[in-house]
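Whatever order the structure lists ligands and atoms in, that order sets their numbers, starting from 1.
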Amino acid sequence: MKSTTRAVVIGGGIAGCSTLYHLTQEGWTDVVLIERDELTSGTTWHSAAQVTNFGMNQTMVGLKSHSIALYKELRDDPDYPVGYNHGDGGIRLANDARTMEGYRHFASMARGMGVEYEVLDAAECQRRNPLISTENLIGGLWDGEDGHIDPAQLCAALTRRARKAGAEVVRHNPVTGLTQHKDHSWTVHTEQGDIDAEVVVNAGGYRCNEIGALMGVHHPVASMEHQYFITDAIPAVRDAGHRIPLLRCPISDYYCRQEKDGLLIGFYEQDCKTWGMDGISPSFTMDLCPDDLERVSDVLEGAIARMPVLAETGIKTIVNGPITYTIDGAPLVGPVPGKRNAFCIIGLRAGLGEGGGHGWLLAQQIVHGEAVYDTWCLDPRRFTGHGNHELTALKAIEDYQNEFRFHFPHEHRPAGRPVKTTPLTPVLAAEGAAFTTVNGWERVDYIKPSAEFSETHSFRFTEAFDVVAAEVANVQTNVGLTEVNGFNRIEVGGPAARDYLEYMICGRVQHRPGRVGLGYMLNDQGCLKSEVTVANLPDGRIWLGSAAAAEWHDMDWLRAHAPEGVTLSSLTNDYTILLLAGPGSRQVLSRASRGDWSADAFPWLSIREAFIGIAPAVVMAVSFSGELAYEIHVPNNQLYAAYLALRAAGKPLGMQLFGARAVESMRLEKGYLHWKADILTEFDPFETGLERFVKMDKEFHGKQALTRRERGKKLVTLSLDTRAAPAHPGASVVLDGKVVGTVTSGDWGHRTGLNLAYAFVEPALAAEGTALSVDVIGRQVPAKIIAAGPYDPNGMLTKS
Ligand SMILES: Cc1cc2nc3c(=O)[nH]c(=O)nc-3n(C[C@H](O)[C@H](O)[C@H](O)COP(=O)(O)OP(=O)(O)OC[C@H]3O[C@@H](n4cnc5c(N)ncnc54)[C@H](O)[C@@H]3O)c2cc1C
């Protein structure tokens, strides 16, 4: 083994092999993969190795398409052809209309990535897969690209190509330690000696937390036992005349693919089992867990009912092995939180299908700092400190039990809740709050009109529509109060702080004490990295505020670029915002807090330190709703006191509580954007309609790249001609049958009576008045481009 290299990839499963190969493709050829045993000896060797193109967002679809294209290339390589059955096709089944609507949405979303799914009725499902019955079935989603691959050959082919490009692969060599140096480089300690590297990559599969521990990091990854069996030969399979398509069943929780002349059936039983919670034996390698078919009997019954041929077929082989899950089911592919020059590609639960694409996106991040797609849905920093072992296990179980049941819009499943709360959470629950979750925080979604009220999650407007409408009406005509917890708040200090912010933010930076302003940080490509409010407290302190989920992401970015003389400290978990909004909000504030809160004394974008009742607070005159509004930042230990003072002050006005759903509706009417919904690393501020926040006559991070960039898309606001459903993120915008754009956000604007959406479209089609259509759950809905922010376009209300 050499003694220095650019990157050490730890682990030789599909994740490590794909990363190694793609690093060489991105131009880093001096790279080393270190494997404790043989390649694939973790989970990869015994994988069912199905490769599908289905994803629930465009990043997932795009990376899976990359896997498929790469695997086809490897299959066709005459020097080392990999066994890959591509194009067997596959069906995801459905027995209810809501699931079918979801499939129609995913088909709309995938079209934007050049991938065609088909929505089938039950008879057509059976025609394509003659083994299934149509009992209790209304249809399915067809993915023509589905197939399966030989895992060992795949990994061998990838490392073979990487080696040819200059990479080294070292087997039978456990990594035993990691030391980071002042210049952020690493020494990787192994049984065969030390190797110095600029960058390390954790691709350790179910042992990822052993490797994490070597650098003092815990990853929210837990393993589950997962079983499949392979049947004896089945005449109906042999005689079908074509390969049997894959099957995924959210009704009875199993999957199936053809294996030789028989079938391979895998199960997601309800009585499932975590694995390795208290450590993993060092000798567990090329190994399996004991068979336990008893455990899957519940779901096996469903599989037999769907494929009666199974009842008379023998079982040839049973495989039970560990499979990794994260808190939200998606892998962790990207920078290791809080560490420089460290990356991970872990928590893969469909690593054979996705691994080609994940390695591709990770190598781009390592070499270029960013990937072709926005990778937030995979970013290891999307969970923060709450992602502990116990919570991860609970979410892993829940996800395993619901493997093929996608989340509906606004659906947040119950396991491991509540995680992050404030003193107000139980108070608001007693007021009837329904909660959404944001980075683990329980945040009020809306106030239920009665204790019995419940929402049927759907891609259409739901029972909550009228509830949200009433909350918006109250905010528009009277005054409302809500809590915004978890808002990311970083105090920036030191003599160089202001120069640093000038450089990090691409527009005009507000520096006046007592004033707040909005700004954007760009990445090395000149695209949008983060959105921050710069709050200059009257006493000279500077708070940078950003989205709740951005806590670790923004801190990593700021730390990586902070020069000597700048200090950064997180106050995220110390304060919570109480949000007063509506024409009566000044009156409520004046009753709750001494001082002159008139528009002259405390105008729009002002900041003041004050007491709300007896609770100290920082009050900011800012609004995300478009109404006169105040953000009141209160230390958590006095949050309840401030809340009581505001409730008492609001009582004579009939102040009502409201939630995040109402805010979502109102911000769309104002043209305001959401980080990681509409503000993405794939687009620059000009494409995103944020040109007024760019100051080209100063130096800032990303300026040169921004100057050189070719613009591809433009963010527009659409008004849709339907009252049935909102446009969901990912939905395709269509003109003359051709996809010309993609929706990023959509919701009903209750004050304007418009069904609104934001979408990135081709610039030639971005003019106001352009008529397009949006594919909303399978229907082509007429849509027109309108001016952004149709509610109170001149912003008179916020300044009133
Ligand atoms: C029964 C079953 C069926 C499956 N079916 C499918 C399927 O149909 N389709 C699909 O896409 N996915 C499937 N999966 C999931 C898929 O197999 C995994 O997502 C994938 O194999 C994970 O690959 P990996 O590289 O992340 O981990 P692994 O394959 O576990 O690789 C990690 C490697 O890291 C090495 N390592 C660990 N610690 C160290 C150390 N300290 N030093 C050096 N090396 C180290 C290990 O030895 C191991 O080789 C299935 C999983 C199971 C269990």
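Aromatic rings from Y373 and W360 are positioned such that their centres are separated by under 6.0 Å. Ring centroid separation for the pair Y254 and F404 does not come in under the 6.0 Å cut-off.
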Scan the side chains in residues 161-170 for donor-acceptor partners under 3.5 Å anywhere in the protein, sequence neighbours excluded, and list what turns up.
{"unit_1": "R161", "atom_1": "NH1", "unit_2": "E73", "atom_2": "OE2", "d": "2.7"}
{"unit_1": "R161", "atom_1": "NH2", "unit_2": "D77", "atom_2": "OD2", "d": "3.2"}
{"unit_1": "E168", "atom_1": "OE2", "unit_2": "K2", "atom_2": "N", "d": "3.4"}

Residues 211-224 side chain polar contacts: donor-acceptor under 3.5 Å, at least two apart:
none

E259 and K316: CA distance, side-chain angles, deciding distance, salt bridge (charged side-chain N to carboxylate O under 4.0 Å, His left out) verdict = CA-CA 11 Å; E259 172 68 21; K316 202 163 65 182; over 6 Å; no
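Listed by chain and number, the residues in a side chain to side chain donor-acceptor pair (under 3.5 Å) with S108 amount to none (sequence neighbours excluded).
Near ligand 1, I10, G11, G12, G13, I14, A15, I34, E35, R36, S41, G42, T43, T44, H46, S47, A48, A49, Q50, P174, V175, A203, G204, G205, R207, I211, H226, Y228, Y255, G321, P322, I323, L348, R349, A350, G351, L352, G353 each place a heavy atom less than 4.0 angstrom from the ligand.
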